[in-house]
Structures are given as structure tokens and as C-alpha cells.
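What follows is a set of notes on a single structure, which appears directly below.
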Amino acid sequence: MSHTSRPESSSGSGPAGSGDEKPLHFIEQIVEADNASSKWGVWKAGEAISGQREGAPRVHTRFPPEPNGYLHVGHAKSICLNYGLAERYAGKFNLRFDDTNPSKEEMEYVESIKRDVRWLGGAYDGPFGGGLYWASDYFQAMYDFAGELVSKGRAYVCQLTAEEVSSRRGSPGVPATSPYRDRPIEESLRLFAEMKAGKHPNGAMTLRAKIDLASPNFNLRDPVMYRILHEAHHNTGTAWCIYPMYDWAHGIEDSLEGITHSICTLEFEDHRPLYDWFIGAINEGRGGPGQPAKIHHPQQIEFAKYRPTYTVLSKRNLLKMVQSGIVKGWDDPRMPTVAGIRRRGYTPEAIRALCRDVGVTKVESSIDVVRQENAVREHLNKVAPRAMGVLRPLRVVIENWPEDKTDLLDFVVNPEDPGAGTRKIPFTRDIYIEQDDFMENPPKKFFRLAPGAEVRLRWAYFLTCTGVEKDAAGRVVCLRATIDPATRGGDAPPGPDGKPSRKVKGTIHWVSAKHAVEAEVRLYDRLFSAEEPGKRTGKWEDDLNPASLETVRALVDPWLASSQPQEPAWADGIRRFQLERLGYFCVDPDGTPHKPVLNRTTTLRDSWAKDAAQG
RNA sequence: AGGGGAUUGGUGUAACGGUAGCACGACUGACUCUGACUCAGUUAGUCUAGGUUCAAAUCCUAGAUCCCCUGCCA
């Protein structure tokens, strides 16, 4: 078997025209082996997409979120994996809400999940989409299958309370017990019907699978299949008062949808025997002459979660952050939720590239968050238009420039994309530069502005600082300077040899005071200051980064205020820029064209800051 | 104690008995109208101990370490 993805070696099922040389990860290897052996059969005519799928090996995956919270970057990995497989092998990808517990689930989450899955590229309704499904649509089928299991002596109604079950659970060497295990089948059948009919209160009884009370795998110690929950369900209303447990429900959901590879995370490895047992028990007494057909038996495969450093991901803790006001909501740009990183300015392309990069294995490893930052830098560097803005303005008056004169200069929209062209930016006597770009007593390797020093104003003129004005406290409030008119556009005039007559080491950004627009800029940093929040004290709250959000009033290029023809057409409608030398930013919905609000997605790499910090 | 997994440079990942490779980071340098980008180079690894073999990250034996498992959650 081939372990690389050359099209000619992938049984004709590889991605057409893919130049991707990355080796296959273990799940792709499983899929290719399955395809080679036709383990899952082939797509039939009615299932074909534009004629190209008929007869090709079936690959059908799904993403099965419970609608009880917002999706986070960990889920993103699962979505990319599952959708990626469907796309790569011309299969299908389902979005399925695993809504088996009405007491925890809310419709509020359903819409956000659909939006997030789509945003990430999980087009469950696209060419490789199998559609949208609900576990609750299978409640009747599940109930019928459960009845069959009872009839076959494979399940029974247990009247132990939750506490009793727990206390009788046993231990690794000591089997669990239930006095109801061997009750007559007819009695279980009757009680199970009564459970469904609503004749018993919550907790009075459960339906349990009859497997092995002595199993060292506790999941097999007669797990509960149904519990009584007199609670309205967002989808089925009050039609049901018994609800299936995950282990019982999940395999049936997969089976009914024809899922081939049921991919989940590592903690479900212990549940795989149960997954297989349930489907096997249903299929017992099926498939023979005069018997109903066997149901489809998908293969469960487990992989390790995406676990970024400096991040907390559990739904419970994310909910706590939202409810306690540590962040402003599920979509706070500091949140690791999909909604949060989207508002932060991350692109779906960056997230997908990241998921490809970190790979798919069974090793529980943590991923350095800088890889997230690098992923978005790499994408945005290629596509984001550039602009200038000053986060902490310092006024500069150009003494040899007429007060009322405006010069229009060419500004390159995106040096990485020549097709983006240029645009005009205004230059006037009063400009603002970044406070960090001036030092009165600079160290040796400071290439920026200082008294008597010359720098280049990006795309404008060479500028020399001629004077410093200070307030009573001794703070620099304004600079006097002159420009060299011969350097218009930012180039020194050519010398006798045709080369530039002189060089400046530093180039700084600036805005025209008269034209600049005031913007609220939210400078985000990591939410936590510890690599593993809570490791030190046991409480992640102790590792919150107090400086995770700093808001400044910046002065930015008016070009940013409203949508421009030279900008890319962002699929998600979120406008993103590079503020030159500062980082990548996106436009937040909190702002208006008159008073934009920008979120800093991430800074640029800054080797100067690193040097300066190290002395 | 029992069961299920995992272990390759700082981090992530490849190898499927036959040259330990790639990416990220870090460090040098080049280039540069973004101290960005780009480019070149350097750095550093098979958990341990035995064994099989001409040859072991890979197979065998013993051990170590880490993660998950006793919800009527998923």
C-alpha cells in the first residue's frame, strides 16, 4: 500500500490534481485501504454528484456536535478532518446534531454551530455534503431497536436508583450487581413500554444493556440505554419522556446515515467495544432467510484532540468565562471559540492550513499557540491590503512644508500581490508617527527617528528630526522636522553612478493629521499567561492575563473607514488589513464608518522588539 | 490493583526491517521603501535495559513515564 498521496497510487480515489505531497495520516491510510478492498461498497447512481461519484468507493463522514455550547478550535480540527476526508475521496459529509439530552441543549446553539461549520468550509449542504440531520429524528427507530434487544434478552429494565447503580458499580476486581438483571423478558417489555408511556417519574427506572457486570471496562457493566426525562425537547416536543444515552444512540445514528468512518476523540476508545456490541446485538437474528436485513456497521476511529497552549477549551470553562464576564461573550475575540477567532480576524483558510499542519495522530500533544498565529499571518500576508495607522500618535510638524499644501503619493496596496495595484495617500505639513518610532537618546541599533537622525516616511519623503517639544512633565509632545523634497515617493535621488545617492536604514509609518480618522483599536493578546492554565494552582482563573485586551484611540488611514474597490472580496464579509509594521487587523461590527473599531488579529513578527527586550 | 491508549530534536509530525526526513521555533547571515515578507545556513531526536537480525524507531522480552475509564453527560 502506498503511504503518500500520488494520484496514480491512490486507487483512483485521491484528490484530482492535488499537488499535496504531505504523507497520508493514519485515518487516510485506513480509508485508502478500505477503498482498495471495497470494504464499504460503492456509490450508486442516485447518490452521484454531477456524475462523478457513481461507482466510486463510499466514504461517508460526519460531525456530530451536541447543541449545548459554541464550537471551538478543537471542534474545528474535527470538522476539517471529517469534511476533508469527504472532499478528498469524493464522499459525503453530514452535519448531525446529537440532541439526545433535552435538559442541556438549546436551539440558541444550533444556529451558531451551523454558521461556524459552514464558515470553516464544512459544506454539509454542498457538493460533498450529505445533509443536515438530527439524532432526535431517529428516536422511534432507536426505541424499536431497543424493544428488539429486550425481546432477545439483551436488555432489561432496571429499577435501581442512580445512587444504587453507582454504589453497586463495583471496582476493577469486583463485579457490579443488579437484582433486576434476570427478570423475565415480558416484564421488561411491559415496563419499557410504561417508561415510554410516561407512567413513571424521572429516575424510577432505566433500560440497561445486558452485557457483562464483571468487565474490567466499566462501560460494559450493563450500561444504561434509556433514562426517563420528563422534559420537552426542542425538536420532538413532549412526544418522548425517555431519551437514549450516547452509547446506545450514536452507533444507530451513524448506521442509519450510512456513515463509513465514525471519527471521534481518544476518550471514546473505551466505548468502541460498546459501539460494536450494540450494533452486533441489533444484527443478531437478522440477515438470514425470512429475517430483516442487518443494519450497517460503521467503523469507529479515534484521534487525539487539538490542544493549544495558553488556552482553555472545555465547554464548561468557556461557559464560565462568558457567564462571569471575564470575556464579553462567546464571540469575544480572545475566546478560542470559532465565533471568537472569526471575530478576531482569523480566516477559515488559516484554520484549515493549521489543521493540516498539526496532523492527525493518536498522540496527545499540545500545540504551541504561535502556530495559530503563524497560520493566520501566512495567509493574511498574501491577501490582506496594507494601510497605515498610528496606535500611539506623536505629532510631527514639517517646518519646510507649506501649511496648506497636500501632496498625493502612491501607496502600494499589497506588495505580495502586484495585481492589487496602488492608491493615493495624502501628505501634509502635520503628520503623526508612532511614539515607539522616536527616541531622544536612542541605543546604537535603533534605526528610527531621533534628534538629528533621518528616516524614510513610508512611500513619502526622507525626514530629519530638527527639534523636540516637551510638556511640563518632560514628555515629548511634538517633533519639529524637515523633509528632503528630492526624496519624494521615498527614494533618494540617484547619484553619479545611477545608484541611490544615500540610504536610510529606517522606514516608519505615518498618517496625515488633517486626513486621519480616529479609530478604536482593540489590541488583543492571549487570554492566559501560562502555557497550561491552572497547572500551578489548579484554577485557571489564576493564570488569566490581565493585559489580554488594551484599547487605544488610534489615527488611521481614512481608506479603512469604508469598503474599497481594491480590497479582496472576503467570503465572510469581514474586512481585514495589515497596518504596516503593526500587525493584521479586522473591522469589528461594533464600529461605524465614522468611528471604526478595529481588532488586532495578531502582530507582525518583530525581531527588533525581541532584541530590545533582551537588552 | 484492573481495562484502554500513547512515547522520535524545544514543539508538531514522517518512517511500515535497509541513508532518522519534513514543518514550526530558536540562532547566523543575505535581501529589503514594512526590523515584515523572502532566501541561505546552523542547531537539535528514536523513553530505558536486554534480545533476534548482516541490518531495529520499526520485531521479541522486561521495565519506566504520561493520558483516559467506576454520569440516568456527550
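Quick caveat: nothing in here was measured; it's all calculated off a predicted structure. A, B, ... follow the sequence lines: proteins, then strands. Residue 1 opens every chain.
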Original post:
Can you check whether A/Val412's main-chain N or O pairs, donor with acceptor, with A/Arg423's side chain at less than 3.5 Å?
Top reply: no
Original post:
Where along nucleotides 68-74 of chain B does protein come under 4.0 Å, by heavy atom, of base (B) or sugar-phosphate alone (S), with - for untouched nucleotides?
Top reply: BSBSBBB
Original post:
Partner of B/rG17 by Watson-Crick or G-U wobble geometry, both contacts under 3.5 Å, or none?
Top reply: none
Subject >> N/O donor-acceptor pair, side chain A/Arg448 with base B/rG35, under 3.5 angstrom >> reply: yes
Original post:
Within the distance-only criterion (no hydrogens, no angle test), does the side chain of A/Ser188 pair as donor or acceptor with the backbone N or O of A/Val157 below 3.5 angstrom?
Top reply: yes
Original post:
Does A/Thr361 have a side-chain nitrogen or oxygen under 4.0 Å from the phosphate oxygens OP1 or OP2 of B/rG12?
Top reply: no
Subject >> A/Asp368 side chain to A/Pro308 backbone, donor-acceptor under 3.5 Å >> reply: no
**OP:** Might you work through the salt bridge (Lys or Arg N to Asp or Glu O under 4.0 Å) test for A/Asp254 and A/Arg62, ending with a clear yes or no?
**Re:** CA-CA 8 Å; A/Asp254 287 339; A/Arg62 103 264 96 115; 3.6 Å; yes
**OP:** Using both distances under 3.5 Å as the test, list the Watson-Crick or G-U wobble partner of B/rA64, or none.
**Re:** B/rU7
Original post:
Does a side-chain N or O from A/Gln372 land closer than 4.0 Å to OP1 or OP2 of B/rG12, or not?
Top reply: no
Original post:
OP1 or OP2 of B/rU34 sitting under 4.0 Å from any side-chain N/O of A/Arg386?
Top reply: no
Subject >> Nearest-neighbour nucleotide for the A/Leu604 side chain, B/rA36, B/rA6, B/rG35 considered >> reply: B/rA36
Subject >> Residue met sooner reading RNA chain B from 5', once A/Arg377 and A/Asp491 are mapped to nucleotides >> reply: A/Asp491
**OP:** For A/Pro415, answer base if it contacts any base atom (sugar-phosphate contacts may also be present), sugar-phosphate if it contacts only those atoms, and nothing otherwise; contact means non-hydrogen atoms under 4.0 Å.
**Re:** base
Subject >> Phosphate contact (B/rC27 OP1 or OP2) by A/Lys610 side-chain N/O below 4.0 Å >> reply: yes
Original post:
For A/Glu28 and B/rC16, what is the distance between atoms CD and P respectively, to the nearest whole Å?
Top reply: 17 Å
Original post:
Taking the side chain of A/Arg458 as heavy atoms from C-beta outward, which of B/rA23, B/rG35, B/rU34 is closest to it?
Top reply: B/rU34
**OP:** Mind calculating the distance between CZ (A/Arg307) and P (B/rA6) to the nearest angstrom?
**Re:** 16 Å
Original post:
How close or far is atom P of B/rC67 from atom NZ of A/Lys305, stated in whole angstroms?
Top reply: 14 Å
Original post:
Can you check the A/Asp368 CG to B/rA23 C1' distance for me, whole Å?
Top reply: 13 Å
Subject >> Rounded C1' spacing from B/rG29 to B/rC67 in Å >> reply: 43 Å
Subject >> Residues, nucleotides or ligands: over 12 heavy atoms within 6.0 Å of A/Lys535 NZ >> reply: no
Subject >> A/Glu434 CD - B/rA36 C1' separation (whole Å) >> reply: 15 Å
Original post:
Should B/rG2 form a Watson-Crick or G-U wobble pair with both distances under 3.5 Å, which nucleotide is its partner?
Top reply: B/rC69
Subject >> A/Phe303 vs A/Phe26, ring pair (Phe, Tyr, Trp, His ring centres under 6.0 Å): CA-CA, chis, key distance, verdict >> reply: CA-CA 9 Å; A/Phe303 73 101; A/Phe26 82 101; 8.1 Å; no
Original post:
Taking A/Asn414 for the side chain and A/Lys382 for the main chain, is one N or O donor matched with an acceptor at less than 3.5 Å?
Top reply: yes
Original post:
Between A/Arg371, A/Arg377, A/Glu378, which is the residue that forms a side-chain hydrogen bond (donor to acceptor under 3.5 Å, both in side chains) with A/Asn374?
Top reply: A/Arg377
**OP:** When you get a sec, tell me which of B/rG35, B/rU32, B/rG12 is the closest nucleotide to the side chain of A/Arg581?
**Re:** B/rG35
Subject >> For atom CG of A/Asp357 and atom P of B/rU13, their distance in whole Å >> reply: 12 Å
**OP:** Under a 3.5 Å limit for both distances, which nucleotide forms a Watson-Crick or G-U wobble pair with B/rC59, could you say?
**Re:** B/rG51
**OP:** Rounded off to whole Å, could you give me the CG-to-P distance for the A/Asn381 and B/rG35 pair?
**Re:** 14 Å
Subject >> Backbone of A/Leu582 reached by a side-chain donor or acceptor of A/Arg600 within 3.5 Å >> reply: no
Original post:
Which one is paired to B/rA40, where only Watson-Crick or G-U wobble pairs with both distances under 3.5 angstrom count?
Top reply: B/rU28
Original post:
To the nearest Å, how far apart are A/Arg371 CZ and B/rA26 C1'?
Top reply: 14 Å
Original post:
Who is the Watson-Crick or G-U wobble partner of B/rU46, with both distances under 3.5 Å?
Top reply: none
